[in-house]
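Being a predicted model, the structure only gives us computed values, none of them experimental.
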Amino acid sequence: MQFYKNGFRGGNPDIKPAAPNRRNRGINEPLPEKVDVLIAGTGPAGLCLAAQLSQFPEIDTMIIERMPSNIIKGKADGINTRTMEMFQAFGFADKVKRETYWVNQTAFWMPDPKNPEHIKRVGRVQDVADDSSEMPHILINQARMHELFLEIMKNSPSRLEPDYGWEVVNVTVDPTTDDHPVTVTLKDVTGVYWWATRTVRANYVVGCDGARSAVRTSIGGQLHGDAAHQAWGVMDILANTDFPDVRQKCLISSAKEGNVLILPREGGYIFRMYVELDKLRPDEKAAERKFTQDDMIAAANRIIKPYTIDVKEVVWWSIYDIGHSITDRFDDVPEGEDRDPRVFTAGDACHTHSPKAGQGMNVSMQDTFNLGWKLVHVLQGRADASLLRTYSKERLTEAKRLVETDHKWARVMSAPTTEAERNGTEEPRIIRTFKENLEFTGGNAVKYDPSRLTGAGTHQALASKLEIGRRFHSAPVVRVSDAKQMQLGHAAEADARWRIYAFAGKADSSNAGSAIHKLADWLETNPSSPVVKHTREGEDIDAVIDFRAVFQQTFDQLAYENLPSLLKPKTGKLGLIDFEKVFCVDHKGAGDIFDMRGIDRDRGCMVVVRPDQYVAHVLPLDGFADLSSFFAGILR
């Protein structure tokens, strides 16, 4: 990490200097009358958005939550590799890796053909495919993940904290004004204010308030979907067992008693069980059956015979029925109406599904990671408000894919095993489906369609494995200034900045007249350059577009003094040189980024990466006009 940019300041570098004139917070402080962005809900989607916006104190953000405080246990727990890459941008991935359970293998158990009343292991699958990500698939208490986002917010320049104990009653939009046109009616649900109502006007509202979202209802949104009419139970437990794979993720199918999913959790002792219970009538809800935690424990013991589970403590438990649903839009603009949106929904407010694929919390955060930088651009005046139209278009497509895949997976999990699967003559369908879905469950199957934010694939061959529209797949490099081995993708932060990674051809050592030198000089000085056009007077030269270069030589073969000035920019109040813009191939065996990502060694290329870590464009190093035109379609 980098700090001291604006002068020496002791203490924890994660605590940013506080912005002046920020709002006073506390139970006795009044709610604001106007804000730029009001977020409803402090679940994963809401907190991910708030953490992004909190870094911009000029954007007045408010986040409300009907609960009196953060949760302490329960709810979701799976974090896929794509979300871990996002956590790296927020700066807490290492902390998460240290505290959590890593899912390395998934074990599959089925009825033993010799004794169908008992189960036996039929296979194991590596949970994260080699080089699918540098990050692990992890399991964590959702409440702890909330704490990490809340810490980012509290340490931010805006010192953002939730306003607990308030819920949305109604949202209305006044189309005749651009001055805080959204009016939100809030109600005190704690009784501290005697259940009073308050109104707050906002420029934008984001409903992250769950499946029963009042924000969605206010804008006429409805969840459409179906139910599997199957009751399941979930419980986090501390228990002793003779089941040998209890510290591995396990999918267990019995002959007649149903299925169990075991997920080990952080700390070495606790684990989660999803337990299949009874089929439900089409008109019946699981809650009507009055299942208890004892029912779940008994069912689990029937399913895992000949093994047993002796539960010492039930930390949390819940009963649910499997359902899959989605709204037809993620904003307040009705079909056929031509205007820019003012109200958005994210997470469970616009898509719901079963928890067993482990995607809900991840997709919810990716919703608002997509939306956050777009709101920042618009509210800072860097982009036209039409940019916000891309949120619903991009995320609705991915939500549909999520619901369809989860629908299929839930039914595969509940399907009875066949004789061929049990006797080993046929690979079990559940294992086949699991392998087929590894890219999806890792969060890496997302591909945004061509648009103003994702360029044409004319030059895709220059970086064949950094596909336009997909997330930027990091790889090992060495930082030239200090010979540090690292992942190139870890140079990016959740700061709403674009990245241009310039990969040099093999003959290019960035001496004067080389392709990298020409590109850097053009970016820094030419009036057509997006850096020149979109960086405001008084801002650091990398305030909007962060330019970095990767060379094929080793660090000791490059002359730092000959590098172009854009790769050694002077930034901050003191005009200090940033020495961390230049990289080379990893020469210590971790992997060659040019080979790993299919980068043309002779010609090199530049890869443009969006603020949410998705590849926006691949261009030749002399593609000046195309680069300028691309950014002109997005930024002012």
Does [X] use its side chain to pair, donor to acceptor, with the backbone of [Y] at less than 3.5 Å?
X    : Y    : value
T454 : D449 : yes
S156 : M153 : yes
R499 : I545 : no
T42  : L47  : no
S325 : G225 : no
E539 : R536 : yes
D540 : G572 : yes
S213 : D209 : no
D188 : W195 : yes
H534 : R636 : yes

Search all heavy atoms of [X] against all heavy atoms of [Y] and return the closest pair with its distance.
X    : Y    : result
W166 : V189 : N-CG2, 4.3 Å
A496 : V376 : CB-CG1, 3.9 Å
T172 : N170 : CG2-OD1, 3.1 Å
C208 : I39  : SG-CG2, 4.1 Å
K447 : E467 : NZ-OE2, 2.6 Å
Q142 : P44  : NE2-CD, 3.4 Å

Could you please spell out the steps behind the side chain to side chain donor-acceptor pair (under 3.5 Å) verdict for E394 and N370? CA-CA 9 Å; E394 289 186 333; N370 177 292; 2.8 Å; yes

Check the surroundings of atom [atom1] in [X]: do more than 12 heavy atoms from other residues, nucleotides or ligands lie under 6.0 Å from it?
X    : atom1 : result
K97  : NZ    : yes
K154 : NZ    : no
Q222 : CD    : no
E337 : CD    : yes
K187 : NZ    : no

Within-4.5 Å side-chain heavy-atom neighbours: [X] and [Y]:
X    : Y    : value
V607 : V615 : yes
V168 : L186 : yes
I79  : L139 : no
W317 : V234 : no
L160 : P57  : no
R144 : E99  : yes
V205 : R342 : no
D546 : R548 : yes

Verdict with supporting geometry, T177 and D179, side chain to side chain donor-acceptor pair (under 3.5 Å): CA-CA 6 Å; T177 181; D179 178 17; 5.3 Å; no

Rounded to the nearest 0.5 Å, what's the gap from [atom1] on [X] to [atom2] on [Y]? Could you check?
X    : Y    : atom1 : atom2 : result
L387 : L453 : CG    : CG    : 6.0 Å
I326 : D328 : CD1   : CG    : 9.0 Å
D77  : I140 : CG    : CD1   : 9.5 Å
D163 : M62  : CG    : CE    : 4.0 Å
S386 : D340 : OG    : CG    : 5.5 Å
M135 : W102 : CE    : CH2   : 9.0 Å

Y448 and Y614: aromatic ring centres closer than 6.0 Å?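 Yes, the ring of Y448 comes within the 6.0 Å limit of the ring of Y614, centre to centre.
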
Side-chain H-bond candidate by donor/acceptor type, [X] with [Y], under 3.5 Å:
X    : Y    : answer
K393 : S451 : no
E134 : H490 : yes
N203 : D36  : yes
H146 : N70  : yes

Atom pairs and distances, donor-acceptor, side-chain atoms in residues 85-94, under 3.5 Å, two or more places apart:
from	atom 1	to	atom 2	distance (Å)
E85	OE1	R82	NH1	3.4
E85	OE1	R471	NE	3.1
E85	OE2	S133	OG	2.7
E85	OE2	R471	NE	3.4
E85	OE2	R471	NH2	2.8

Test salt bridge (Lys or Arg N to Asp or Glu O under 4.0 Å) on D60 and K34; report intermediate values, then the result. CA-CA 8 Å; D60 192 357; K34 294 181 179 181; over 6 Å; no

Begin from the C-alpha positions of D367 and S364 and carry the test side chain to side chain donor-acceptor pair (under 3.5 Å) through to its verdict. CA-CA 5 Å; D367 285 348; S364 295; 5.1 Å; no

Honestly, is R265 close enough over Y101, meaning NZ or CZ under 6.0 Å from the six-membered ring centre and within 45° of the axis?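 Ring-cation test returns no.
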
Check the orientation of F344 and Y391. Use parallel for under 30°, tilted for 30 to 60°, and perpendicular for over 60°.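 If you compare the ring of F344 with that of Y391, the planes turn out perpendicular.
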
Using the six-membered ring wherever Trp is involved, compare the ring planes of H617 and F630 and label them parallel, tilted or perpendicular (cut-offs 30° and 60°).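 The arrangement is perpendicular - the two ring planes meet at more than 60°.
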
Between E439 and R470, does a salt bridge (Lys or Arg N to Asp or Glu O under 4.0 Å) hold up when you go through it step by step? CA-CA 12 Å; E439 185 183 43; R470 290 186 181 268; 3.5 Å; yes

Considering only NZ, NE, NH1 and NH2 on the basic side and carboxylate oxygens on the acidic side, decide whether R389 and D338 come within less than 4.0 Å.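 Salt bridge flag = yes for D338 with R389.
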
Salt bridge (Lys or Arg N to Asp or Glu O under 4.0 Å) assessment of D332 paired with R339: CA-CA 10 Å; D332 65 317; R339 68 172 174 85; 3.1 Å; yes

Side chain to side chain donor-acceptor pair (under 3.5 Å) evaluation trace for N362 with T83: CA-CA 6 Å; N362 296 279; T83 301; 2.8 Å; yes

Sort out for me which residue in V343, T345, L375, V215 forms a side-chain contact (heavy atoms from CB on, under 4.5 Å) with V206.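 Of the listed options, the one satisfying the test is L375.
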
Trace of the salt bridge (Lys or Arg N to Asp or Glu O under 4.0 Å) decision for R401 with E398: CA-CA 5 Å; R401 186 197 316 223; E398 292 311 314; 3.2 Å; yes

